[in-house]
Amino acid sequence: DTAVSQTPKYLVTQMGNDKSIKCEQNLGHDTMYWYKQDSKKFLKIMFSYNNKELIINETVPNRFSPKSPDKAHLNLHINSLELGDSAVYFCASSLSGSDTQYFGPGTRLTVL
Amino acid sequence: QQQVKQSPQSLIVQKGGISIINCAYENTAFDYFPWYQQFPGKGPALLIAIRPDVSEKKEGRFTISFNKSAKQFSLHIMDSQPGDSATYFCAAREDGTSYGKLTFGQGTILTVHP
């Protein structure tokens with residue numbers, strides 16, 4: 001009965017690899033987000049989708065590509081991983097007209 | 001550049017004491033100011049939020065004080081408990097839409113000693 005779920009929880013990979021993180025929400029929300037939390041715990045938005053349409057696209061390298069197959073899913077694909085991509089990535093969701101964003105448990109990505 | 005500045009970076013309080021975390025912002029277009037609580041290994045969770053048309057909001061032991069003219073807001077945790085030990089983030093959102101961009105402060109690690 002998890003509200004916002006992410007897979008995998010941990011991801012360890014080599015530089016140069018391509019990886020994906022999946023996010024699903026069962027709250028019936030229409031907006032989903034990806035955030036990056038760095039080693040100093042600073043949280044920064046990367047992308048957001050409303051009704052499968054990209055509405056926020058922060059200054060993120062184009063190696064990062066979000067994909068929203070439907071309103072309940074927002075996946076993050078990362079090409080050519082770099083050391084600096086190591087962080088915890090959080091998915092979140094919200095409902096239009098409501099201010100609250102609900103965060104997933106996070107995916108800790110380690111690039112070696 | 002940091003649009004929301006949070007202090008202190010870390011805070012140690014004795015059980016039963018008052019914890020105070022401060023945030024300052026520059027963008028006058030911000031119209032929604034939430035506080036999020038994050039426990040180790042978990043995602044942030046909304047704790048309490050305020051809009052600029054009120055100066056204070058209280059929910060249980062948690063109170064937000066908001067000073068629009070000074071562009072500052074703060075979180076007060078009364079009767080702090082060891083279970084309150086977590087990282088606290090203030091945030092701010094502009095553009096009037098419920099799915100607008102949240103800009104977070106740097107976070108405050110709160111430790112409450114028994």
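Being a predicted model, the structure only gives us computed values, none of them experimental. So that the names make sense, note that chain A is the first sequence line, chain B the second, and so on, each numbered from 1.
Counting heavy-atom pairs closer than 4.5 Å to chain B, the top residue among A:Gln6, A:Arg108, A:Glu58 is A:Glu58. By number of non-hydrogen pairs under 4.5 angstrom with chain A, the leading residue of B:Pro44, B:Ala45, B:Ala49, B:Gly43 is B:Pro44.
Contact annotation for B:Gln9: neither backbone nor side-chain heavy atoms come within less than 4.5 Å of a heavy atom of chain A. Looking at A:Phe90, the atoms closer than 4.5 Å to chain B (heavy atoms on both sides) all sit in the side chain, from C-beta outward. For B:Pro34, no part lies under 4.5 angstrom from a heavy atom of chain A. With a threshold of 4.5 angstrom between heavy atoms, A:Lys9 approaches chain B through side-chain atoms but not through N, CA, C or O.
Side-chain atoms of B:Ser69 and B:Asn67 form a donor-acceptor pair, as typed in the model, at a separation below 3.5 Å. Side-chain atoms of B:Gln81 and B:Asp79 include a donor-acceptor pair closer than 3.5 Å. With no hydrogens or angles considered, a side-chain donor-acceptor pair links A:Asn50 and A:Ser96 at under 3.5 Å. Of the N and O atoms on the side chains of B:Tyr25 and B:Glu94, not one donor lies less than 3.5 Å from an acceptor on the other residue.
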Report task. For A:Ser94 and A:His29, run side-chain hydrogen bond (donor to acceptor under 3.5 Å, both in side chains): C-alpha distance rounded to whole Å, both residues' side-chain angles, the deciding distance at 0.1 Å, then the answer. Result -> CA-CA 5 Å; A:Ser94 67; A:His29 291 169; 5.8 Å; no
